[in-house]
Amino acid sequence: MNPAQQAAVQATDGPVLILAGAGSGKTRVLTSRIAWLLDQRLARPWEILALTFTNKAAREMSERIAQLVDGSVRDMWVGTFHSIFARILRREAEFLGYGRNFTIYDSDDQLKVVQDCMERLSLKNGQLNPKRVRSAISNAKNAMLDPDTFATSDSGFIHEKLSDIYRDYAIQLKQSNAMDFDDLLLKPIDLFRAYPERLKVYQERFRFLLIDEYQDTNQAQFEVARLLAQEHANICVVGDDDQSIYGWRGADLRNILDFERTWTGTRIFKLEQNYRSTEVILEAAHAVVSRNQSRHPKRLWTQNGRGELIPLLVGEDESLEAALICRRILEHREQGGSLRDVALLYRTNAQSRALEEAFMRHGLRYQIVGGTRFYERREIKDLLAYLRLLVNSQDTVSLLRVINTPRRGIGDATIAQARAIFQREGLSFLDGVERFELLAELGRGAPGRLVEFGKLIHDLRSLMDSGKPTEVLELLLEQTRYIEHLEAEGPEGKARVENVRELQAALQHYEENSELGLAGFLEEVALVADVDGWDDKEDHVTLMTVHSAKGLEFPVVFVTGLEEGLFPLAGALDDPLQLEEERRLFYVAATRAMRRLFLCFARMRRRYGQAGGGMPSSFLDMIPEELLDRSQAGRLLGSGLRGSWRDAQASWQSDPHTKPGEPVRGGTPSWKPAPRVTSPPPPARPGFAGGELELDPAELPPPSRKPARADSKLGADRERAALLNQYSPFRKAEPVRDPSSQLAEIADPADLFPGAKVLHETLGKGVIIHLTGFGGETRVSVRFESVGVKKLVARLAKLRLIG
DNA sequence: CTTCGCTAGGTTTTT
DNA sequence: CCTAGCGAAG
């Protein structure tokens, strides 16, 4: 351990701020510090509270502590903010008028409540959009504004309506015995303020508080930490202002920048030696982030050596960008590297699609982290909603979700009437269902169906009390005939059934390893993050957003989609604060790399299916020339053309943070606000082209946008397909000369690619639109001439490639 | 009450 | 381009 690290570990008394740059051994310091506290008998395990942002980070921390000290980790509270405070809230629920079986609402559930409130307040078709409302409520909560305070914080018609909805929303949640994510941080504050003696209990208990990724805390987290630590002032926070990337979620950089002012007597330790990356990588990352105004000045250094230059990979479009990356990965593997070494990072989840297709085509194993999550799939949410309703009978969102799923003839009209009746009688929905006489006015069929539903829930609940969680789920599936319901959906349903099986397996696993039952399972499920599902043991390339990648490291990293408007994102371009966050995001991305960093972009990228222009990211301009390797791209993307990027950009983008005296090469001095010009269009850049292709991409035919109607361009498509496939280890695409003259073999799923023309035994000719690889099964969307678009399982579809 | 077909809007990032 | 969500018809 270096002297700075050692000092940080041993400064056990009073407030401590550890400014830990990327790769500076932050986790090591944090865990050693805990081990030190225990070794020196300064603290006993249960007196330590360590808070992280992801379960993965928490797990890693626990494991590493366990290696340092023996055994006693079990009594220590190490977990995410959300899980730790959920735990505290369950214990203290009665003080807040909640039941300890409260449900945690995710953002989907929140939206349902908001919509319900808006309907009730007749604001459904106004200018307020439910998602906006949801985010307004969330922002209010992050700023610790309750409905009353929020109401007086601003004025105007819209704000008034927002306040009304927020107030109703809070009431609905309470009535449903439910808390949203934000509540998990806010309610503890309410509790501690209203019941100082409860606060005291936790203050006494947690004499040592440690917080990881402190730069990402919001005001509520700041406050709850302050409350807990104010007694002993043994608060140690670790963070890096350059890695604050959750501003949009309410993270407040001031928390870390002002820490020493909040806590008198703060000792600050700076960890600036990086053990992860090469000098080249660090310099590139620094070149971008150092333009920010809001940061502690600092500079990482390393003894890892200079390292290799950063290749620039330029693809004609997103598919070719992906193909170039695949080629590099294949090279890496040929040189004895493992796929596990490699990560692809992107700004938005939508970018994963083109990359995924390329990986499939090249036969490279990959795992996408994030995107649509398992627990957010419809079939999973349906079943979880049943289980949630069993645990918490007041959970309205879940009730409304399952009451007519699968269809049992209880529609909106019935529900609305029944709700009205029960409300009048002061009954909860499920209680009301048991009062048959009240239901008479609902007409002929409805009462019976409602009672039947009530009985279903009743039976399931009795089994929950006596049996195992897996048995409950089994009975649920049986009674609702849910599997049959899914199977009736056709091929789509088959995959959903698989997901249900996975849920059963997950529940079984939980049951075998925990005592906490159904309620515990639901809590765990509610609080998983995308990264938590990431499997770092398997040999595959990892694809994820930059946000998900924080805290991770990989020997080889590709940062993709470095186009102005994508990374940095368009919405951030004219807001200095957001632009700073984008730069930090780039900094995070680049500093994930240990040995090798690649920067990639595409000259053209389809968005919403429409072609869009890709100007190289302004970040690329900030990186000193001598760090980049344009040896291959350089043929066409040479120094002479560099200015033209900037010229083009300068005409429509100004960079408010470029310091005077540091004019950007070839551009207008940008501290003088550049006029926002919409025309003329950026100058054409002939021959500004594609990376490392051996074929000159300038001679490449443009990709046809709509393969289905591209008959006249078939030749072009074929050539393009050949290019895309040229690196495939399995096969060289060999287009059939005359489609009608011969019947091709049934294609191996790995041979299929978007744009390929195929022949199906019964459905006839079609064109592949795209491929997906969920659950290890390649699925293929084909637009058939006869029947339109069909989704098929590639393995079973017996498709033949035709010319 | 359900089903079908159309359209508008969505892609920032997530506990 | 894709899909969720809405309105109209059965």
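So that the names make sense, note that chain A is the first sequence line, chain B the second, and so on, each numbered from 1.
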Parallel, tilted or perpendicular: ring planes of A:F619 versus A:F586, cut at 30 and 60 degrees: tilted

Given C:dC2, B:dG10, B:dT12, the nucleotide with the shortest approach to the side chain of A:R353: C:dC2

Gap between atoms NZ and C1', on A:K550 and B:dT15 respectively (whole Å): 12 Å

Basic-acidic side-chain contact under 4.0 Å: A:E321, A:R605: yes

Within the 6.0 Å centroid threshold, strictly below: A:Y246 and A:H547: yes

Phosphate contact (B:dT2 OP1 or OP2) by A:N404 side-chain N/O below 4.0 Å: yes

Sugar-phosphate only, base, or nothing, as touched by A:A413 at under 4.0 Å among non-hydrogen atoms: sugar-phosphate

Check against side-chain hydrogen bond (donor to acceptor under 3.5 Å, both in side chains), A:D212 and A:T52: CA-CA 5 Å; A:D212 191 18; A:T52 65; 6.0 Å; no

Contact under 4.0 Å: A:T54 side-chain N or O vs B:dT14 OP1/OP2: no

Length of the OH-C1' vector between A:Y375 and B:dT14, whole Å: 17 Å

Sugar-phosphate only, base, or nothing, as touched by A:L569 at under 4.0 Å among non-hydrogen atoms: base

Length of the CG-P vector between A:D216 and B:dT13, whole Å: 16 Å

Nearest-nucleotide comparison on DNA chain B, the residue closer to the 5′ end among A:T52 and A:R607: A:R607

Distance below 4.0 Å between A:T414 side-chain N/O and B:dC1 OP1 or OP2: yes

Presence of donor-acceptor pair under 3.5 Å, side chain of A:R347 and base of B:dT12: yes

First encountered from the 5' end of DNA chain B, between A:I410 and A:Y246: A:I410

Listed nucleotide nearest any side-chain atom of A:H82, set B:dT15, B:dT12, B:dT14: B:dT15

Under 5.5 Å and under 30°: A:Y608 stacked on C:dC1: no

A:F567 CZ - B:dT11 P separation (whole Å): 19 Å

Closest to side chain of A:R407, choosing from B:dT14, C:dC2, B:dT2: B:dT2

Nearest-angstrom distance from the residue atom CG of A:D108 to P of C:dG5: 9 Å

Below 4.0 Å: OP1/OP2 of B:dT12 and any side-chain N or O of A:R249: no

Closest listed nucleotide, where the reference is the side chain of A:N349 and the choices are B:dG10, B:dC1, B:dT14: B:dT14

A:S83 versus A:T80, side-chain donor and acceptor atoms under 3.5 Å: yes

Whole angstrom value for the distance that separates C1' of B:dT15 from CZ of A:R59: 15 Å

Under 4.0 angstrom between A:S548 side-chain N/O and B:dT13 OP1 or OP2: no

Salt bridge present between A:R419 and A:D116 (N-O < 4.0 angstrom): yes

Length of the line joining A:Q221:CD and B:dT14:P, which is rounded to integer Å: 16 Å

Distance, C1' atom - from B:dT12 to C:dG5, rounded to whole angstrom: 23 Å

Nucleotide nearest A:F181 when distance is taken to its side chain, options B:dT15, B:dT13, B:dT12: B:dT15

Listed nucleotide nearest any side-chain atom of A:H547, set B:dT14, B:dC1, C:dC2: B:dT14

Rounded distance (Å) that lies between atom C1' of B:dT15 and atom CG of A:D106: 11 Å

